[in-house]
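First the proteins, then the strands, lettered A, B, ... as listed; each starts at 1.
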Number of protein chains: 2
Amino acid sequence: MSQPAAKAVKRVCMRDHIRDILVGRILDGTYPAGTQLKELYLAREFDVSQAPIREALRELEGSGLVSSERFRGTRVRGADFAEMRESYELRMMLEMRSVALAAPYKPDLLADLAGYLREMDTAVKADDSEAYIDNALRFHRRLVESSGNRTFLAVWDSLLWDIRGRIALRRLAEMGKSLKTLVSMHKALLGRLRAQDVAGATERVQALLARVSSAFDQNGATR
Amino acid sequence: MSQPAAKAVKRVCMRDHIRDILVGRILDGTYPAGTQLKELYLAREFDVSQAPIREALRELEGSGLVSSERFRGTRVRGADFAEMRESYELRMMLEMRSVALAAPYKPDLLADLAGYLREMDTAVKADDSEAYIDNALRFHRRLVESSGNRTFLAVWDSLLWDIRGRIALRRLAEMGKSLKTLVSMHKALLGRLRAQDVAGATERVQALLARVSSAFDQNGATR
DNA sequence: AAGCTGTCGATTATCGATAATCGTCCCGTG
DNA sequence: CACGGGACGATTATCGATAATCGACAGCTT
């Protein structure tokens with residue numbers, strides 16, 4: 001699966017390059033849900049052969065971004081709200097358990113989280129939701145990483161939170177919910193972690209993700 | 001030498017066929033951990049081109065069975081016991097939560113589980129561990145499926161329990177642990193489900209998986 | 001002998017072309 | 001007019017061949 005850290009420089013591998021471009025286009029709406037990604041068409045556009053396109057598409061399929069049927073092509077998968085909620089339920093479990101496993105919380109973990117939180121705060125004040133989400137994801141991924149459970153991290157990564165998160169944020173914005181609340185919830189969480197309060201921290205993680213997940217409730221209400 | 005299996009069933013898709021064969025070989029030890037799977041070599045053996053081999057390998061990579069480095073080939077990944085234990089922790093979370101979500105337990109679910117359990121019982125009496133594990137996996141997968149959470153099921157599926165389970169069973173056998181205990185634990189679980197006892201059932205699921213997971217404890221002791 | 005450099009063999013990544021498959025449209029039939 | 005049968009176009013799956021890359025080793029320099 002794709003790694004969070006992308007090599008900025010010289011790509012030795014066409015398919016990685018293509019994959020990243022395709023992910024970008026799906027994210028920014030160039031390819032809306034349902035768009036068929038035709039191999040030869042893309043091959044011509046990127047001036048490569050069909051092979052690297054196929055491999056990139058298969059990689060996207062593995063991460064659930066697109067789905068393909070035999071001989072019938074590959075299409076961009078839409079954001080199914082019910083499925084979103086379900087995936088947030090899993091994420092909640094993963095992160096809550098991670099908070100328990102990560103205890104006691106080491107200074108370098110706390111320092112990292114504090115750094116991300118600071119960036120989140122700055123981003124929200126600058127009304128830069130892209131920067132907010134980038135750092136929020138780093139924050140949460142770091143939490144899962146600190147559990148020491150590689151399977152947790154692999155599954156967390158596989159769920160493509162950079163995509164789901166952006167959709168959630170857009171929804172929350174549409175619902176008029178401010179990111180400021182999320183930042184303060186993260187602050188509270190970090191406070192509990194600093195106090196080595198496992199139960200408290202777990203509770204905050206749950207509350208936090210429940211709030212984000214509420215973007216996908218049928219009526220859109222937080223209740 | 002060419003493979004007679006190629007003619008067995010009319011596969012529309014070579015890569016699926018090849019993938020299944022490769023999985024089988026990794027499972028039965030034909031390809032021990034660390035074996036390099038060379039594309040052209042396999043291509044000649046299966047009498048196909050390199051392309052479908054590559055696609056099959058990439059699929060295996062996606063499910064963690066093998067890992068590949070750029071230009072350095074694809075190798076069979078070994079069974080890391082620590083990682084096994086970690087994956088069982090996730091499985092435990094998934095199944096415990098599924099038991100909670102699936103309530104109240106419908107008659108058709110209970111009937112399916114009872115059917116699988118019967119097969120498990122028969123298999124153990126016939127000392128057929130293959131049949132046991134097949135049905136045990138059906139039992140557990142059905143449980144996760146009944147949660148109604150598609151993400152849960154997708155993640156559960158992605159963890160390749162047919163492989164991990166077999167390894168666990170082999171270990172348990174080496175440790176002299178009988179499958180009979182596992183069958184009776186499943187019986188107890190089904191009893192709790194029939195009684196609509198969510199807490200009790202959850203507890204049994206945990207105990208059950210903990211016992212299997214113990215195959216990967218450092219010393220091999222159940223404690 | 002240690003270090004550097006260039007070449008070679010093995011293997012993967014990519015190419016350009018062909019075969020297989022699916023959906024559709026046209027046509028004849030009832 | 002509804003309906004099945006085949007030809008066609010579009011697209012994917014696979015092929016056979018070539019280019020790119022890596023690891024190792026030999027030969028040269030010091």
Separation of [N] [atom2] from [X] [atom1] (nearest whole Å):
{"X": "A:R54", "N": "C:dA13", "atom1": "CZ", "atom2": "P", "answer": "16 Å"}
{"X": "B:E39", "N": "D:dC15", "atom1": "CD", "atom2": "C1'", "answer": "15 Å"}
{"X": "A:D47", "N": "C:dG16", "atom1": "CG", "atom2": "C1'", "answer": "13 Å"}
{"X": "A:R58", "N": "C:dA13", "atom1": "CZ", "atom2": "P", "answer": "14 Å"}
{"X": "A:F71", "N": "C:dT21", "atom1": "CZ", "atom2": "P", "answer": "5 Å"}
{"X": "B:F46", "N": "D:dC15", "atom1": "CZ", "atom2": "C1'", "answer": "17 Å"}
{"X": "A:H17", "N": "C:dA13", "atom1": "NE2", "atom2": "P", "answer": "18 Å"}
{"X": "A:R70", "N": "D:dT14", "atom1": "CZ", "atom2": "P", "answer": "10 Å"}

Assess whether a salt bridge exists between B:R141 and B:D157, defined as any Lys/Arg side-chain N lying under 4.0 Å from an Asp/Glu carboxylate O.
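Answer for the salt bridge query: yes.
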Should the pair A:E55-A:R58 be classified as a salt bridge under the 4.0 Å nitrogen-to-oxygen rule?
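A salt bridge is absent here (no side-chain N lies under 4.0 Å from a carboxylate O).
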Given that A:E55 and B:Q36 both sit by DNA chain C, which one's nearest nucleotide is further toward the 5' end?
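Residue closer to the 5' terminus by nearest nucleotide: B:Q36.
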Where the side chain of [X] is concerned, which of [options] is the nearest nucleotide?
{"X": "A:C13", "options": "C:dC15, D:dC15, C:dA13", "answer": "C:dA13"}
{"X": "B:R72", "options": "C:dG23, C:dT21, D:dG23", "answer": "D:dG23"}
{"X": "A:R15", "options": "C:dT14, D:dT11, D:dC15", "answer": "C:dT14"}
{"X": "B:S49", "options": "D:dT21, C:dT14, D:dT14", "answer": "D:dT14"}

Indicate, with a heavy-atom threshold strictly under 4.0 Å, whether A:L37 touches base, sugar-phosphate, or nothing.
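Sugar-phosphate, no base atom in range.
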Most 5' of B:L40 and B:V48 on DNA chain D, judged by nearest nucleotide:
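Between the two, 5'-proximity favours B:V48.
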Check B:Y88 against B:F216 and note the closest heavy-atom contact, atom names and distance.
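Answer, listing the atom of B:Y88 first, then B:F216: CE1-CE1, 3.6 Å.
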I'd like to know if the side chain of B:K106 pairs up with that of B:S146 as donor and acceptor (distance under 3.5 Å, no hydrogens or angles considered).
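No.
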A:Q50 (side chain) and D:dA13 (base): donor-acceptor pair under 3.5 Å:
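It does, because a donor-acceptor pair links the side chain of A:Q50 to the base of D:dA13 below 3.5 Å.
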My understanding is that only one of B:L57, B:I26, B:T74 makes a side chain to side chain contact (heavy atoms under 4.5 Å, CB included) with B:L65; could you say which?
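Answer to the side chain to side chain contact (heavy atoms under 4.5 Å, CB included) test with B:L65 among B:L57, B:I26, B:T74: B:I26.
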